[in-house]
Amino acid sequence: LDETLLLSEAPEPLLGSFDPDYLQLPKEVVLALLGKVKIFGLEGKDGKLKPGFLTIVQAPVGKAARGNIRGGYERLVAAKLFDAKFFWDQDQRKPLEEYAQKLKGIVFSKELGTLWDKVERVRAGSRAVAGFFAAGAPPLAGRAAPAPPARGAADAHSAEIDRVALLYKADLATTLVGEYADLAGRVGSFYAQASGEPAAVVAALKDASAATLGEGASVIAAVVAVVDRLDTLLAQFAIGNRPQAKEDPLGLKKTADSVIDIFSRFSKHGSLKEVIGVLGNSSKAAPDLLEFLRGRLALRLGEKGYAPDRVQAVVSVERSAGLPVRDIEATLAAFSSLEGDSQEAIASLSQTFKRAANILKQSAGDPPLAGRASPEALRRGATEQKVVYNGNIDVALFKDPAEAALWERLSQIEGRFEQDLKVGGYRDALKRLAGLAQPLEDFFKGVMVLCDDQDLKKNRLALLAKLHRLVLQVLDPSKLTLKG
């Protein structure tokens, strides 16, 4: 509207009308065609389209001139709607499924085959990953522990999911979309309805084709949409079409953002890495795509108001390596809610954790202690330096009360901390970690870790490594930029 108004120095509205028979066309089709020539449709109070339109002309316009201009616009609108109505009627002589079969003759790209090949991949992928998704996924807090895909809400709709995946691209073979390419994906649901498809399939086709899934979108739409988008990303990455900082002609960044949003809203358990593994297990592009999605996720979380250091603290740990989007968001939300109550403790833990990480790094030949190091990697690095990191802490070797106090606090929280993570109680888990701040600070004030006595040194390193592994299960405090 703003653009249209700016085309005239003295804009003035002009009303026109068209044959009510054209209202048999889907509302989206009529509005799209009118919009092409900067004409606006009119709705009644009931939200239904009226057989009229509004356009903007240059004022002042005399009465006779207005009539001539109105007549010109009405002829223009009638011609466009006549063509669209003709294509629409012709297309409905066949069910939508027949148009899906025509996709076998439409090349998607030279390297990736036909659109039918893509449809078959999306169908197979949707069946394979449906168990990861659920309608109205559980709240972020109180979720069940991650588990292998099991029959769930999406699986219960397996027939509808397969049907939607089959028809998802079928409108590309219709004459209407052939004439008006920008209607692709926007009219498939109307053809499906005219073909007598079930209401759930019709609704899912409309939702899955939208750039962003609406609030009322079904899990059927979510599964097909996320698989289609991931298939596009995997395929384009595989043939070298990767977005650059300033160039993204294929819109892959928006596609990735859509994947993340869908996974955030509908995933029941699991991670993007697991889903990508199912869809592109043999694709060499999968690792690069995962890293690309990691970067997009960090940006999306920043847009939601999370500070970059908080995002990196959570995304960089082993638990987040596969991008379990809902769990990452839950951890960040829990951290944000806890900061007001435990700001000083968290700041203290951040500083002392950095010190502990540096000591461990120094003593074990620079093992991958921070970031996404696994417990196995930590133990391996320790063993190579003959430093016992866990499992062999001898309480009899404690010389300073601060050692015993830190060990006691670790022992108290370890089991409950693990249980918190299993049930999605991230706030409780983080609160327990904040409780380690004072014992760890006291430990460093009273204990020389890298002492000359080898037995004491190994025992103290083992104690720090136990704490290090525990904390890195949920976040890396060394990434935080906090002031105590």
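Heavy atoms only: backbone and side chains are in, while hydrogens, waters and symmetry mates are out. In this chain, numbering begins with 1 at the start of the sequence shown.
Glu160 has no carboxylate O lying under 4.0 Å from a charged side-chain N of Arg163, or vice versa, which leaves the two without a salt bridge. Look at Lys104 and Glu120 and you find no salt bridge, because none of the NZ, NE, NH1 or NH2 atoms lies under 4.0 Å from a carboxylate O. Under 4.0 Å is where a charged nitrogen must lie from a carboxylate oxygen, and between Asp420 and Lys431 no such pair does. Between Lys479 and Asp309, no side-chain nitrogen of the basic residue sits less than 4.0 Å from a carboxylate oxygen of the acidic one, so the salt-bridge criterion is not met. Look at Asp257 and Arg296 and you find a salt bridge, because one of the NZ, NE, NH1 or NH2 atoms lies within 4.0 Å of a carboxylate O, short of that distance.
For the residue pair Glu408 / Ser411, no side-chain donor-acceptor distance below 3.5 Å is found, with atom types taken as modelled. Side-chain atoms of Asn358 and Gln362 include no donor-acceptor pair closer than 3.5 Å. Side-chain contact, Thr255 with Arg229: no donor N or O sits under 3.5 Å from an acceptor N or O. For Ser264 and Asp261, the side-chain atoms include no donor-acceptor pair closer than 3.5 Å. Using modelled atom types, one finds a donor on one side chain and an acceptor on the other under 3.5 Å when comparing Thr232 with Lys118. With hydrogens and angles left out, the side-chain atoms of Ser348 and Glu441 include a donor and acceptor closer than 3.5 Å. With no hydrogens or angles considered, no side-chain donor-acceptor pair links Arg127 and Ser158 at under 3.5 Å.
Between Leu440 and Leu467 the shortest side-chain heavy-atom distance falls below 4.5 Å. Leu450 has its side chain within reach of Leu461: a pair of non-hydrogen atoms, C-beta onward, lies under 4.5 Å apart.
Within the 3.5 Å criterion, the main-chain N or O of Asp171 finds a donor-acceptor partner in the side chain of Thr174. Under a 3.5 Å cut-off, the side chain of Ser320 and the backbone N or O of Leu323 do not form any donor-acceptor pair. Without hydrogens or angle criteria, Arg409 side chain to Gly435 main chain gives a donor-acceptor distance under 3.5 Å. Between the side chain of Ser195 and the backbone N or O of Pro95, no donor-acceptor pair lies under 3.5 Å.
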Test side chain to side chain contact (heavy atoms under 4.5 Å, CB included) on Glu197 and Tyr191; report intermediate values, then the result.
CA-CA 9 Å; Glu197 295 291 339; Tyr191 283 117; over 6 Å; no
Steps toward side chain to side chain contact (heavy atoms under 4.5 Å, CB included) verdict (Glu274, Ser271):
CA-CA 5 Å; Glu274 292 175 277; Ser271 65; 3.3 Å; yes
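Heavy-atom contacts from other residues, nucleotides or ligands closer than 6.0 Å to NZ of Lys354 number more than 12. The number of heavy atoms from other shown groups lying within 6.0 Å of CD (Glu247) does not exceed 12.
Between Gly214 and Arg265, the shortest heavy-atom distance links the atoms O-NH2, 2.8 Å.
Here the two rings, on Phe133 and Phe263, have centers that are under 6.0 Å apart.
Between Asp288 atom CG and Leu233 atom CG the span is 12.5 Å, to the nearest 0.5 Å. Between Leu360 atom CG and Phe353 atom CZ the span is 8.5 Å, to the nearest 0.5 Å.
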